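Predicted, not measured: the structure shown is a model, and the values here were computed from it.
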Amino acid sequence: MIVCQNCKSQEPDGTIFCSECGSQLTEANGAQTQKFANDSEELREAIAYTGDVPSQGNSWISLHLLDSGKILPFSDRKEFTLGRLSDNQPIEPDLDLSPYKAFDNGVSRLHAVIRHKEDGVVLVDVGSSNGTYINGVRILPNIEHPLRHGDIVALGKLKMQIVLS
């Protein structure tokens, strides 16, 4: 475990930013967290996680759910919506976060969109009720916000780390 020097929150080994306050973390021995290479096999070996191993396909992004340790890889599209399923909902998100306590954590039915563009990856809050945060800072809705490898994104209170390959 890594202890945040700012708020004293305990985070799993390998976490780059504190899930509570967004501060960049350092290891207990004082070493800075490492930057991962772009090679997906080396990336999988370097990430400290307790969930499933990402597929070996052409995954350009994975979401590391911090509460469960589960890793959700994506490869088949350049854009996907995040949210939760609800009864009688005519539009469904591409990624249903319901199995990860989305309702309890304040995730909207259609909460955000992640897009892979030529110049990088962006996140857009689509008018969610409880907001979207990048590294602890609430983002404005309907505006593209750049994502970097290691960023902590919170949909309401559901926190995930961005893993780009």
Side-chain angles (χ1 to χ4, degrees), residues 2 4 11-26 32-49 51-84 91-97 100 102 105-165:
I2 300 172
C4 176
E11 301 293 335
D13 289 337
T15 304
I16 297 172
F17 294 97
C18 176
S19 63
E20 292 299 318
C21 70
S23 296
Q24 186 172 1
L25 301 173
T26 57
Q32 290 287 333
T33 53
Q34 66 183 9
K35 182 174 181 174
F36 297 125
N38 285 336
D39 178 41
S40 60
E41 185 63 33
E42 185 177 339
L43 177 64
R44 279 194 294 279
E45 293 173 3
I47 298 172
Y49 61 87
D52 297 337
V53 176
S55 70
Q56 297 202 3
N58 297 327
S59 178
W60 59 271
I61 187 171
S62 296
L63 304 178
H64 177 196
L65 301 176
L66 297 180
D67 286 344
S68 67
K70 183 96 171 148
I71 295 188
L72 308 173
F74 293 90
S75 62
D76 60 342
R77 52 175 55 178
K78 297 287 185 184
E79 175 178 310
F80 57 93
T81 57
L82 306 171
R84 62 178 171 80
I91 299 173
E92 296 180 358
D94 298 319
L95 174 59
D96 174 25
L97 295 167
Y100 311 104
N105 284 302
V107 176
S108 293
R109 286 172 272 184
L110 283 179
H111 198 107
V113 175
I114 294 181
R115 286 188 190 113
H116 186 268
K117 301 175 72 168
E118 287 183 23
D119 57 344
V121 178
V122 296
L123 176 70
V124 178
D125 179 291
V126 292
S128 65
S129 298
N130 294 306
T132 302
Y133 301 79
I134 300 175
N135 299 323
V137 177
R138 189 171 184 158
I139 64 172
L140 295 173
N142 303 311
I143 297 175
E144 291 183 342
H145 298 272
L147 287 176
R148 295 180 318 228
H149 175 74
D151 282 348
I152 301 292
V153 170
L155 306 180
K157 292 182 180 179
L158 182 65
K159 295 178 180 146
M160 59 194 76
Q161 189 168 29
I162 302 298
V163 181
L164 299 176
S165 53

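Here CG of D96 is found 10.0 Å from OG1 of T81. Values are rounded to the nearest 0.5 Å. Atom-to-atom distance recorded for R77:CZ and R115:CZ is 12.5 Å, nearest 0.5 angstrom. Taken from CG in D151 to CD1 in I134, the straight-line distance is 6.5 Å, to the nearest 0.5 Å. Between the CD1 atom in I139 and the CG atom in L123 there is a gap of 4.5 Å [rounded to 0.5 Å].
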Run the side-chain contact (heavy atoms from CB on, under 4.5 Å) test on H111 and T132 for me, step by step, so that the C-alpha distance in whole Å, both residues' side-chain angles and the decisive distance to 0.1 Å come before the verdict. CA-CA 8 Å; H111 198 107; T132 302; 3.1 Å; yes
Trace of the side-chain contact (heavy atoms from CB on, under 4.5 Å) decision for L63 with L95: CA-CA 11 Å; L63 304 178; L95 174 59; 3.7 Å; yes
Test side-chain contact (heavy atoms from CB on, under 4.5 Å) applied to V121 and I114, step by step: CA-CA 7 Å; V121 178; I114 294 181; 3.8 Å; yes
Applying side-chain contact (heavy atoms from CB on, under 4.5 Å), run through L155 and M160 and close with a yes or a no. CA-CA 8 Å; L155 306 180; M160 59 194 76; 3.9 Å; yes
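Annotation: R138, atom CZ; neighbour count of heavy atoms from other residues, nucleotides and ligands within 6.0 Å is above 12. Residue I143 qualifies as enclosed at atom CD1: its count of foreign heavy atoms under 6.0 Å is above 12.
Using a 4.5 Å heavy-atom cutoff, the side chains of L147 and V153 are in contact. In this structure, D67 and K159 have side chains that are not in contact, with every pair of non-hydrogen atoms separated by 4.5 Å or more. Two residues are said to be in side-chain contact when any heavy atoms from C-beta on lie closer than 4.5 Å; K157 and N130 fail this criterion. With contacts defined as side-chain heavy-atom distances shorter than 4.5 Å, the pair N105/R84 does not qualify.
For the residue pair S68 and Y100, the shortest heavy atom distance occurs at OG-CD2, 4.3 Å. The nearest pair of heavy atoms linking H116 to W60 is CD2-CE3, 3.3 Å. Here the closest heavy-atom approach between residue L82 and residue L97 is recorded as CB-CD1, 4.3 Å.
Put simply, the side chain of S108 gets close to the backbone of S129: a donor and an acceptor are under 3.5 Å apart. Judged by distance alone, the side chain of H64 and the main-chain N or O of L72 form no donor-acceptor pair under 3.5 Å. Distance alone, capped at 3.5 Å, is enough to place a donor-acceptor pair between the H145 side chain and the L140 backbone. Under the 3.5 Å distance criterion, the side-chain polar atoms of D125 are left unmatched by any main-chain donor or acceptor of A112. One N or O on the side chain of H149 and one on the backbone of L164 form a donor-acceptor pair closer than 3.5 Å.
Using cut-offs of 30° and 60° on the angle between ring planes, the pair F80 and F74 is parallel.
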